[in-house]
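Structure, as structure tokens:
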Amino acid sequence: MTLDSILEEIKKANSIVILTHETPDGDAIGSSLAVKLALDNFGIKADVIIPEYSRVFKFLPGTEDILTESEIDRYDLAISLDCATLKRLAGGEYFENARKTIVIDHHGSNNMYGDLNYVNPVSPACCEILAGIFDYYNMEITQDIGKCLLTGIITDTGGFKYPATTAETFEFTAELLRKGINVSDIYKRVMQTVSFAHFELAKKVMDRLEILEDGKVTFTYINKEDEEEVNAEPGDHEGLVEIGRDIEGVEVSIFIRQSEKGKDEYKASLRSSDYVNVSDVCIMFAGGGHPRAAGATVKGTVEEVKQKLLKEIKKVL
Ligand code: 5GP
Ligand code: MN
């Protein structure tokens with residue numbers, strides 16, 4: 001059983017590093033901190049390397065120990081969480097240099113790049129997979145670990161509203177509530193409160209939103225100048241893609257964000273409402289994700305990127 005082999009590798013390793021995907025969301029950070037805290041409780045030390053993340057998640061226990069880089073370049077064991085491909089892994093060099101590698105993820109597009117891979121594409125969040133793993137290992141889910149796991153579960157299920165949400169999602173949340181975790185407080189922090197910069201970016205995104213393909217597709221964008229103008233910080237663009245998706249009749253929402261100032265390259269975020277598999281669309285651009293939420297990096301100007309994406313989307317509308 002993969003889970004037994006994973007535990008063996010963890011016990012054998014003298015140095016462990018925990019990594020996750022770039023522009024990490026709640027599931028990425030929640031998973032990383034939860035694994036670190038769980039290992040701590042077993043007397044096993046691990047480093048978490050996350051070069052940059054949204055201050056929304058600063059309330060989580062263990063963030064004070066997050067490293068942006070490490071002096072160790074060859075860890076005994078690297079654990080990648082919530083990340084479909086090595087290319088997307090922040091600090092991927094630590095993974096490549098590690099003696100042994102483990103991948104735990106819930107992306108259908110995961111290409112099994114670890115020595116040991118535990119991937120469940122049906123799970124709504126990597127944090128929900130971890131809840132099952134900790135249970136299997138008889139590791140106690142403390143309040144701190146629970147807060148981290150719940151953060152990932154809430155963000156990746158869109159606040160329990162996406163169809164991937166399971167009965168187990170609610171059962172686990174109920175368990176945490178009984179343990180005294182303030183579910184409402186976490187919900188408010190990660191789903192409701194937005195920064196002023198996010199609010200200003202949302203206004204621009206709404207102003208520029210184009211409704212295409214008989215109302216089935218929306219397109220909008222931000223460039224680096226917009227982000228500078230509103231003093232955006234990492235994570236301030238999160239959720240902007242949902243503005244288009246939530247309009248009645250819209251099947252696919254496209255939001256693109258410039259990778260670097262002056263560069264003709266954009267990070268595309270796609271969301272779908274009912275039936276379009278946006279992960280398949282993004283795979284055409286060497287990206288990936290989930291059927292209803294996916295991303296890719298696309299070269300070109302705003303107009304060129306828009307046309308490239310539209311061409312693929314029209315085939316599956
Ligand atoms: P977002 O649009 O929020 O950045 O990402 C939506 C989903 O797609 C997330 O699950 C994310 O991990 C995945 N995703 C985003 N961009 C990429 C990419 O460039 N490559 C792959 N493989 N997955 C991506
Ligand atoms: Mn996730």
Side-chain angles (χ1 to χ4, degrees), residues 1-21 24 27-50 60-62 65-67 69-150 152-153 156 168 172 175:
M1 167 80 169
T2 311
L3 286 184
D4 297 317
S5 314
I6 288 177
L7 190 57
E8 258 173 54
E9 291 302 334
I10 290 173
K11 284 181 178 163
K12 265 199 293 194
N14 285 315
S15 58
I16 301 178
V17 64
I18 297 166
L19 305 163
T20 190
H21 66 78
D27 196 28
I29 295 175
S31 295
S32 305
L33 294 173
V35 170
K36 177 179 167 55
L37 294 169
L39 294 181
D40 272 353
N41 292 345
F42 254 48
I44 299 169
K45 193 188 159 319
D47 288 342
V48 178
I49 302 180
I50 304 180
L60 286 174
D65 294 327
I66 291 178
L67 307 173
E69 55 184 2
S70 169
E71 278 157 19
I72 305 172
D73 43 44
R74 192 159 161 79
Y75 283 90
D76 275 350
L77 181 67
I79 305 175
S80 162
L81 300 165
D82 193 38
C83 184
T85 62
L86 180 55
K87 200 179 103 196
R88 274 208 93 212
L89 193 64
E93 63 277 16
Y94 298 104
F95 192 92
E96 284 174 295
N97 292 340
R99 291 184 181 86
K100 202 85 192 182
T101 59
I102 290 170
V103 170
I104 300 173
D105 186 30
H106 71 128
H107 289 87
S109 59
N110 191 295
N111 63 4
M112 310 286 175
Y113 53 98
D115 295 323
L116 293 168
N117 301 278
Y118 190 77
V119 178
N120 178 3
V122 183
S123 188
C126 187
C127 280
E128 187 161 314
I129 298 179
L130 291 174
I133 294 179
F134 295 160
D135 186 49
Y136 181 81
Y137 291 159
N138 282 318
M139 285 175 164
E140 190 202 346
I141 297 187
T142 59
Q143 285 237 356
D144 279 356
I145 295 172
K147 276 184 201 166
C148 297
L149 294 178
L150 187 61
I153 288 172
D156 263 31
E168 288 75 33
F172 181 64
E175 216 180 285

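Along the sequence shown, residues carry numbers from 1.
Minimum heavy-atom separation, Asp47 to Ser70: OD2-OG, 4.1 Å. For the residue pair Asp115 and Lys100, the shortest heavy atom distance occurs at OD2-CA, 3.4 Å. In terms of heavy atoms, Leu37 sits closest to Pro61 at CD1-O, 3.9 Å. Shown here for Ile129 and Asp105, the closest heavy-atom pair between the two residues is CD1-O, 3.1 Å. Taking all atoms of both residues into account, the shortest heavy-atom contact from Cys83 to Val103 is O-CG1, 4.4 Å. Taking every heavy atom of both residues into account, Gly91 and Leu19 meet most closely at O-CD1, 3.6 Å.
Note that the CD1 atom of Ile145 and the NZ atom of Lys147 stand 12.0 Å from one another [nearest 0.5 Å]. Atom CG of residue Asn110 and atom CG of residue Asn120 lie 11.5 Å apart, to the nearest 0.5 angstrom. Of the inter-residue distances, the one linking Leu130 atom CG with Leu81 atom CG reads 6.0 Å to the nearest 0.5 angstrom. Summarising the geometry, atom CG belonging to Asp76 is positioned 8.5 Å from atom CZ belonging to Arg74; distances are rounded to the nearest 0.5 Å. Here OG1 of Thr142 is found 10.0 Å from CG of Asp40. Values are rounded to the nearest 0.5 Å. With rounding to the nearest 0.5 Å, the separation of CG in Asn97 from CD1 in Ile72 is 12.0 Å.
Within 6.0 Å of the CD atom in Glu140, the count of heavy atoms belonging to other residues, nucleotides or ligands does not exceed 12.
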Item to complete: In sequence, state the C-alpha distance, the side-chain angles, and the governing distance for Asp27 and Thr20, and then conclude on side chain to side chain contact (heavy atoms under 4.5 Å, CB included).
Response: CA-CA 9 Å; Asp27 196 28; Thr20 190; over 6 Å; no
Practice prompt. Starting from the C-alpha separation in whole Å, work towards a yes-or-no answer on side chain to side chain contact (heavy atoms under 4.5 Å, CB included) for Glu96 and Leu86.
Written response: CA-CA 9 Å; Glu96 284 174 295; Leu86 180 55; 3.7 Å; yes
Fill in: Pair Ile141-Phe172, side chain to side chain contact (heavy atoms under 4.5 Å, CB included): steps then yes or no
CA-CA 11 Å; Ile141 297 187; Phe172 181 64; 3.7 Å; yes
Practice prompt. Go through the steps to decide whether Phe134 and Asn41 satisfy the test side chain to side chain contact (heavy atoms under 4.5 Å, CB included), and finish with yes or no.
Written response: CA-CA 12 Å; Phe134 295 160; Asn41 292 345; over 6 Å; no
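Counting heavy atoms from C-beta on, the side chains of Cys148 and Cys127 never come closer than 4.5 Å. With a 4.5 Å cut-off on side-chain heavy atoms, Lys36 and Asp65 count as touching. Residues Phe42 and Ile10 fail the side-chain proximity criterion, which asks for heavy atoms closer than 4.5 Å. You'll find the side chain of Ile104 reaches within 4.5 Å of the side chain of Cys126, heavy atoms only.
Residues Glu8 and Lys11 are not paired through a salt bridge, judged by the lack of any N-O separation under 4.0 Å between the basic side chain and the carboxylate.
Within the structure, ring pair (Phe, Tyr, Trp, His ring centres under 6.0 Å) contacts touching residues 81-112 (residues at least two apart or in different chains) are Phe95-Tyr113, His106-His290, His107-His290.
Judged by distance alone, with hydrogens and angles left aside, the side-chain atoms of Tyr137 form a donor-acceptor pair with the main-chain N or O of Leu3 at under 3.5 Å.
Taking the side-chain hydrogen bond (donor to acceptor under 3.5 Å, both in side chains) definition, one finds that Tyr118 meets it with nothing, sequence neighbours left out.
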